[in-house]
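In this text, all values refer to a predicted model and were calculated from it rather than measured experimentally.
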Amino acid sequence: MYERAPGSKLAKRLAEPPRLIQAVAGPRQCGKTTLVRQILTRLKRPSRFVTADEPELRGREWIAQQWEASRQQAKDNGKGGAILALDEIQKISGWSETIKRHWDEDRASRLPLHVVILGSAPLLLQRGLGESLTGRFEILHLTHWSFSEMREAFDWDLNKYLYFGGYPGSVPLVNEPDRWSRYVRDALIETTISRDILLLSRVDKPALLRRLFELGSRYSGQILSYQKMIGQLQDAGNTTTLAHYLELLSAAGIMTGLQKYSGDSARRRGSSPKFQVLNTAILSAFSGLTPQEAAGDPQFRGRLVESAVGAHLVNAAAANGIEVFYWRERNREVDFVARSGRRIIAIEVKSGKRLEYLPGMEAFSAVFKPFRKLLIGGDGITFEEFLGRPVEDWFRT
């Protein structure tokens, strides 16, 4: 079975003395549970994997029971200790306070018990970590599957990845596009919105949030002012509400709004966002186009290509501390700007033939002096090469 690259990082951390709680975070269906189970299987150490996602009611006492059983495993194994993995932890009210108390007790007694927590609701998981477990955890970010991962695990080519995206659980359905589309819309996206956002955050206008998501999926790769959004959505919501809802969609791992690159952070926050889906499956599933129709529509393919590049950048940003923006001044634009430390990279995406002159790239370079300028597609770097390499590689000399 294919194991994702972050697995080696987690395995290494679990081989060290237990200094911090390991929190595995990421959107739905990115393989968090599978990855942790794979690692526990190959580590030569007693482990316990339990989940709160069961029909019967789970409470804080359940955490205490599982913890005590793992403590006994750790004591029986001496210096080797043991591992406790708690899945779907966000479903237990007050979970973070309970974990904090038991973790602090074990550190005081020097018990070698590793703890891994997982959750399918990134918003609630991060909230609980920040509220009670400050200084006691580190996060391993799992993102949507990349082109190179889907190629290695399922032998996908670029065209298949562009349309069907990076949901490994949907692979058995790709030969039935209608069924695949319903699965993405109903089992993945609707579940994320209804259970990971609406049930866990204050949303005064749920219908507005849903329409904002639908708008973003249609306009992925395009810049849209909040005022234009209000007109499109035909709702009395204000720009602050829309910005907040877009942040919730981003935290849930399905869509984000990129800010304009500027040396002034206040100006970035006030800029019009550029919609960006984090998995091109979202764009395809809500388009109403079959794979054949999508392949024969140059405009839609161009949106798929740019969205794939953007998703590759944004998913890398979540795991590696990279920031992603766009840039535009009047009629001059750069599709993406990526920043790592003091180094910035300007990226232009062309799904057709290369333009001899790129005025946006030239104007941006004159002002910001990027470390590297990349043309993806056309006569530049191929999409296969760019999507098949880690983003952090482009920041190296």
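- Checked by atom type, the side-chain pair W67/D106 shows a donor-acceptor distance below 3.5 Å.
- The closest side-chain heavy-atom distance from L142 to R4 is below 4.5 Å.
- Under the 6.0 Å distance and 45° angle rule, K274 counts as a cation-pi partner of F336.
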Using salt bridge (charged side-chain N to carboxylate O under 4.0 Å, His left out), reason through R151 and D157 one step at a time and then give a plain yes or no. CA-CA 6 Å; R151 180 174 57 188; D157 60 16; over 6 Å; no

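- Heavy atoms only, all atoms of each residue included: D196 and R28 are closest at OD2-NE, 2.8 Å.
- Between the side chains of S272 and S225, not a single donor N or O lies within less than 3.5 Å of an accepting N or O.
- Across every non-hydrogen atom of L246 and G257, the tightest pair is CD2-CA, 3.7 Å.
- With W394 as the aromatic partner, R389 meets the cation-pi criteria of under 6.0 angstrom to the ring centre and within 45 degrees of the ring axis.
- Taking 4.5 Å as the limit, every side-chain heavy atom of Q259 sits out of range of all side-chain heavy atoms of V324.
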Evaluate side chain to side chain contact (heavy atoms under 4.5 Å, CB included) for V314 paired with L278, printing each intermediate quantity in order. CA-CA 7 Å; V314 176; L278 301 186; 3.5 Å; yes

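- Scanning all heavy atoms of the two residues, the minimum distance from I83 to R45 falls at CG1-CD, 3.9 Å.
- Distance alone, capped at 3.5 Å, is enough to place a donor-acceptor pair between the D335 side chain and the V349 backbone.
- Residues T33 and F49 have side chains in contact (heavy-atom distance under 4.5 Å, counting atoms from C-beta outward).
- Looking at Q72 and D76, their side chains do bring a donor and an acceptor atom within 3.5 Å of each other.
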Side chain to side chain contact (heavy atoms under 4.5 Å, CB included) for K350 and I376? Distances and angles first, verdict last. CA-CA 6 Å; K350 296 298 177 186; I376 314 299; over 6 Å; no

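- Looking at R42, R37, K9 one by one, the single match for salt bridge (charged side-chain N to carboxylate O under 4.0 Å, His left out) with E3 turns out to be R42.
- Residue-environment remark: CG (D393) exceeds the threshold of 12 foreign heavy atoms within 6.0 Å.
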Begin with the C-alpha distance, continue with both residues' side-chain angles, and end with the deciding distance and a verdict on side chain to side chain contact (heavy atoms under 4.5 Å, CB included) for V334 and Y326. CA-CA 6 Å; V334 173; Y326 74 92; over 6 Å; no

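- Around atom CZ of R179, no more than 12 heavy atoms belonging to other residues, nucleotides or ligands sit under 6.0 Å away.
- Side-chain N or O atoms of R13 include none that pairs as donor or acceptor with a backbone N or O of P17 at under 3.5 Å.
- Of all non-hydrogen atoms in K32 and V24, the two that sit nearest each other are CD-O, 3.8 Å.
- E392 and R396 are not joined by a salt bridge, as no carboxylate oxygen comes within less than 4.0 angstrom of a charged side-chain nitrogen.
- By the 4.0 Å N-to-carboxylate-O rule, K100 lies close enough to D104 to be salt-bridged with it.
- A salt bridge links E68 with R71: at least one charged nitrogen is closer than 4.0 Å to a carboxylate oxygen.
- Q73 and R48 share no donor-acceptor pair across their side chains, judged by distance under 3.5 Å alone.
- For the residue pair R185 and S181, a side-chain donor N or O sits within less than 3.5 Å of a side-chain acceptor on the partner.
- A distance-only check finds no donor-acceptor pair linking the side chain of E306 to the backbone of R303 [under 3.5 Å].
- Contact check on R19 versus E16 returns a salt bridge, with a Lys/Arg side-chain nitrogen under 4.0 Å from an Asp/Glu carboxylate oxygen.
- K260 has a carboxylate O that lies under 4.0 Å from a charged side-chain N of E329, or vice versa, which qualifies the two as a salt bridge.
- Side-chain contact check for L158 versus L387: some heavy-atom pair is nearer than 4.5 Å.
- Ring to ring, F137 and W103 are not that close: their centroids are 6.0 angstrom or more apart.
- Side-chain atoms of E323 and Y261 include no donor-acceptor pair closer than 3.5 Å.
- Classification of R182 and E190 as a salt-bridged pair fails, no side-chain N sitting under 4.0 Å from a carboxylate O.
- Looking only at side-chain heavy atoms (C-beta outward), S217 and F275 stay at 4.5 Å or farther from each other.
- Remark: aromatic rings of W180 and F164 are close, center separation under 6.0 Å.
- Using modelled atom types, one side-chain atom of H114 and one backbone atom of L14 make a donor-acceptor pair closer than 3.5 Å.
- Stacking of R372 on the aromatic ring of F395 is not recorded, the 6.0 Å distance cut-off and the 45° axial limit not both being met.
- A donor-acceptor pair under 3.5 Å links the side-chain atoms of S287 to the main chain of S284, judged by distance alone.
- S307 and T280 share no side-chain donor-acceptor pair at under 3.5 Å.
- Under the 4.5 Å side-chain heavy-atom criterion for Ile, Leu, Val, Met, Phe, Trp and Tyr, I39 and I89 are members of distinct hydrophobic clusters.
- The six-membered or imidazole ring of Y245 lies away from that of F213, with a centre-to-centre distance of 6.0 Å or more.
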Walk me through it: do L375 and I381 pass the test side chain to side chain contact (heavy atoms under 4.5 Å, CB included)? CA-CA 6 Å; L375 175 65; I381 301 164; over 6 Å; no

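- For E385, the CD atom sits in a packed shell: over 12 heavy atoms of surrounding residues, nucleotides or ligands are nearer than 6.0 Å.
- For Y161 and W156, the gap between ring centers reaches or exceeds 6.0 Å.
- In summary, the aromatic rings of F147 and F383 are positioned with their centroids too far apart to meet the 6.0 Å limit.
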